[in-house]
Amino acid sequence: MEIKPLNNDTIIAEACCVGDDRGLEKKSELTEQECTALSAARIKADWLKKMIPEGLSAKIAYSGDKAVGFIEYMPIELSNFHKGKDLYIINCMTAPHTPPWGGPHRERIPGCGSVLLTAMIEDVKNKCKGIITPFGFAYTDDMRGFFSKFGFEEFEDEGLKMLIKRFEPVEPPSPIRYEQRYQFRQIPGKAVVDIFWSSMCPAAPYTLLNLRDVCKEFGEEEVFNEFCVDDREALNKYGIEAGAYVNGKYPWSTYGPLSKEEIREVLKKFSKKYV
Ligand SMILES: CC(C)(COP(=O)(O)OP(=O)(O)OC[C@H]1O[C@@H](n2cnc3c(N)ncnc32)[C@H](O)[C@@H]1OP(=O)(O)O)[C@@H](O)C(=O)NCCC(=O)NCCS
């Protein structure tokens, strides 16, 4: 296994989140889903390009010519949700594994997660006093056992519960919270679809692109509003960090990026055409 830095050659693999082992950029023909996944990755890649000069970095694990995992991190000052200094925060990481719902199955490469985290620690240990991370990412919400092997311990500050690894004494961060200011509107006879999305995880632009397309299919029956909440200004203005809503409610049954099929099924319930 080889660990590569974040650069033009690795950026799309990183932005694809689970590694570009499907080689989307190189495929001559893409399915509709792959096309959306690639467009979502490009939106994330644009965000990465803006953040790299500010200090964001990543390590990408390759097995042969396939990207199989990554770890992404940045100085805490770049986080919209934490107040702190002398710290780096891990934004996300993944190594080959099988998600809790069973697929897509990706055979573990034992040691991959450790190699990625070790490479990150090496990179930042002389740039900060410590590293913080959530307990886990996305659907793997408890990776405390994994992180504890590297000296991460739990802390709690103003209700913020995270893990910290200290290289020297350092204050843990406090949370930045936003007050909801956005008022959901109801329009008789229409479904009002609001999406609050950010570029940090490609799952959000993936849902955005699918929602945009499906709402077009429904035409006049939908009112579609999209809000990018990549920065603190937008978060202060709307006060909603993430999510897609219909008439102010979260109607989806599954966690994670929404497929067109699921969006259609839900929107049909609001549509006169299908009643
Ligand atoms: C957690 C994760 C990074 C571990 O990767 P890995 O390559 O299996 O890790 P390693 O092989 O280096 O494991 C190191 C040690 O941690 C342990 N470990 C691995 N995953 C663990 C977990 N979830 N909880 C507790 N311990 C764990 C291993 O058993 C191993 O223990 P050992 O040293 O006693 O043998 C990987 O499973 C993962 O990426 N999970 C999904 C994370 C995710 O959801 N990301 C967002 C995707 S959108």
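Whatever order the structure lists them in is the order used to number ligands and atoms, beginning at 1. The first residue in the sequence is number 1, and the count goes up from there.
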Could you see which bit of Arg144 sits under 4.0 Å from ligand 1, with heavy atoms only: side chain, backbone, both or neither?
neither
So is there a nitrogen or oxygen of Gly113 less than 3.5 Å from a nitrogen or oxygen in ligand 1?
yes
Polar atom proximity, Phe137 to ligand 1 (N or O, under 3.5 Å)
yes
Any luck finding a side-chain donor-acceptor pair between Tyr88 and Asp123 under 3.5 Å?
no
Nearest option to atom 2 (C) of ligand 1, as decided by whichever heavy atom of Lys149, Met143, His97 sits closest:
Met143
To the nearest 0.5 Å, tell me how far Leu208 CG sits from Thr36 OG1.
11.0 Å
Taking all atoms of both residues into account, what is the closest heavy-atom pair of Ala45 and Ile12, and its distance?
CB-CD1, 4.1 Å
Among Phe70, Phe146, Tyr139, which residue places a heavy atom closest to atom 21 (C) of ligand 1?
Phe146
Between Glu34 (side chain) and Thr31 (backbone), is there a donor-acceptor pair under 3.5 Å?
yes
Per-atom contacts, ligand 1 versus Pro110 - under 4.0 Å to a heavy atom:
11 (O)
Where do Glu72 and Lys44 land on the salt bridge (charged side-chain N to carboxylate O under 4.0 Å, His left out) test, with the steps shown first?
CA-CA 12 Å; Glu72 180 191 300; Lys44 163 132 194 187; 2.5 Å; yes
Heavy atoms only: give me the nearest Ala244-Tyr250 pair and the separation to one decimal.
O-CD1, 3.3 Å
Going by the order shown, which atoms of ligand 1 are within less than 4.0 Å of some heavy atom of Gly111?
10 (P), 11 (O), 12 (O)
Please list, in number order, the atoms of ligand 1 under 4.0 Å from a heavy atom of Gly145.
25 (C), 26 (N)
Backbone or side chain, does any N or O of Ala138 fall under 3.5 Å from an N or O of ligand 1?
no
Enumerated ligand 1 atoms positioned under 4.0 Å from heavy atoms of Ile109:
7 (O)
Is there a polar contact, in the sense of an N or O pair closer than 3.5 Å, between Met93 and ligand 1?
yes
Heavy-atom donor-acceptor pair, Asn210 side chain to Leu258 backbone, under 3.5 Å
yes
Would you mind listing which atoms of ligand 1 come within a distance below 4.0 Å of any non-hydrogen atom of Ser114?
10 (P), 12 (O), 13 (O), 14 (C)
Near Cys17, which atoms of ligand 1 are under 4.0 Å from a heavy atom of that residue?
48 (S)
Under 4.0 Å from any heavy atom of Arg108, which atoms of ligand 1 are there?
8 (O), 10 (P), 11 (O), 13 (O)
Considering only Ile, Leu, Val, Met, Phe, Trp and Tyr, and joining two whenever side-chain heavy atoms are under 4.5 Å apart, list the other residues clustered with Val223.
Ile187, Val192
For Ser57 and Leu6, which heavy atoms make the closest approach, and how far apart are they?
C-CD2, 4.3 Å
